[in-house]
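Below, chain A is the first sequence line, B the second, and so on; all start at residue 1.
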Amino acid sequence: MIKNTYMFAGIPVEIIHFHPYMSTLCSDYLTDQVPYFIIEITESNIDQERKNADGQYSDGYLESLAFYRKFCDRAANENIVLLHSCAIEFNGKAYLFAAPSGTGKSTHAALWLDMLGCRAHIINGDKPLLRISENSIIVYGTPWDGKEHWSTNSSAPVAGICFLSRGKENTIRKLHTDEVLPMLLSQVYRPKCAEGLSCVMTNILRISHSVPMYDLSCNMTLKAAELSFKTMSGEYI
Amino acid sequence: MKLKKGIVIIQNGDEYIAVAADEAGKSFRGMIKMNETAAFIVEILKTGATESEIIAALNEKYDVSENEALHDVETIVSKFDSVGLIEYE
């Protein structure tokens, strides 16, 4: 068995597992702090991930998915939510692009990087964690970072969330709190148990009341990134 | 007839939102918006109360007639049934 403590979204967690893949994946997130809780991976957790998976994957990779699932189930109680999105940091603030897989989150984020150069960086390209507290909502990088493997062990307060869809023209509009809830619900990790889902719902409501949200229909030109950047940040390039 | 296990109700200002975890979450991934009375009915349905027990509870809390209460319960049950959140023994 392998045993290590990592810090995800400000929460130190000990993990007891089998495969070295996990240790390599999470090496940037090691911590000396005393863990809040312990997660132990079992063979049946890995088997369950194999059943869920849509292809052939190594046990090490499946183990890392099993861990992230168990972590998100447990961390829901600590006001931590996984939002399926690409989180970009610019000027000390984070802007998140959420959409179902294959919509073009990464393409749009790449346009931001083209436009802003080294002034912007990606916190996480696919599955960042949001930590919700009384006076802040902070997004944290994680090693679960999608096809492009864009991630850094960094964090920033969330200044905007943009739901992305593909269109011929580029249009953006601010979303009303009521419209946002089902959209957020469709892109967060949902704990299986009622207690966990209840915590996630409470936090989705808090996000919807305090973070500006937008609906962006866009193509893949630089104009799309200019529009979302100006609207969300209120700054000029 | 009973509600599937795992229905969660959250209050958001004046309105209430139902979402589904556990067994209920397997068939329903969306959300249902409700008013206070509807949320009250769902909370009682979750305890496995019979229709007449629910009507009595509504009567006591909101001072509604038996007919109105019956109508409210039937509306909720049919809404939840339409999204697969009711199970029949």
Side-chain angles (χ1 to χ4, degrees), chain A residues 48-49 51-52 69-84 98-101 130 132 134 137 161 163 175-213 215, chain B residues 1-50 53-54 57 61 73 75-89:
Chain A
Q48 189 58 50
E49 292 301 329
K51 280 181 202 151
N52 295 345
R69 190 181 301 278
K70 290 181 99 165
F71 176 83
C72 290
D73 281 333
R74 173 63 183 78
N77 299 333
E78 315 291 339
N79 298 315
I80 287 170
V81 174
L82 185 166
L83 179 66
H84 185 209
S101 302
L130 272 61
I132 297 95
E134 205 59 48
I137 295 172
I161 299 177
F163 292 89
L175 287 162
H176 187 261
T177 305
D178 282 354
E179 297 176 275
V180 155
L181 289 177
M183 298 169 97
L184 277 172
L185 183 63
S186 71
Q187 297 304 326
V188 294
Y189 172 75
R190 298 171 65 130
K192 271 185 218 72
C193 73
E195 191 199 358
L197 183 61
S198 181
C199 293
V200 166
M201 279 306 293
T202 303
N203 283 313
I204 287 179
L205 286 175
R206 288 156 81 181
I207 295 169
S208 75
H209 288 297
S210 53
V211 177
M213 310 255 182
D215 181 63
Chain B
M1 189 258 340
K2 62 176 184 187
L3 276 187
K4 283 186 183 169
K5 191 176 163 286
I7 292 167
V8 172
I9 296 176
I10 302 284
Q11 188 175 357
N12 180 31
D14 294 339
E15 70 176 15
Y16 293 77
I17 298 163
V19 288
D22 294 321
E23 193 54 37
K26 291 178 188 167
S27 44
F28 182 62
R29 310 286 290 172
M31 50 190 268
I32 300 171
K33 286 186 184 179
M34 298 176 296
N35 62 19
E36 186 191 329
T37 318
F40 179 71
I41 293 169
V42 176
E43 289 296 359
I44 308 176
L45 276 170
K46 279 166 76 174
T47 67
T50 64
E53 284 165 345
I54 299 167
K61 181 157 183 179
V73 175
T75 307
I76 290 291
V77 169
S78 107
K79 175 69 193 170
F80 275 58
D81 198 15
S82 72
V83 293
L85 289 176
I86 303 278
E87 61 188 1
Y88 297 91
E89 276 127 275

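- Evaluation of the side chain to side chain contact (heavy atoms under 4.5 Å, CB included) rule for A/P182 yields B/M31 as partners, not counting sequence neighbours.
- Rounding to the nearest 0.5 Å gives a distance of 5.0 Å between CD1 of B/I17 and CG of A/L205.
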What donor-acceptor contacts under 3.5 Å connect chain A and chain B, backbone and side chains included?
from	atom 1	to	atom 2	distance (Å)
A/R190	NH1	B/R29	O	2.5
A/R190	NH2	B/A20	O	2.9
A/K192	O	B/D22	N	2.6
A/H209	NE2	B/N12	OD1	3.0

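- The two residues B/A21 and A/P191 make their nearest non-hydrogen contact at CB-O, 4.4 Å.
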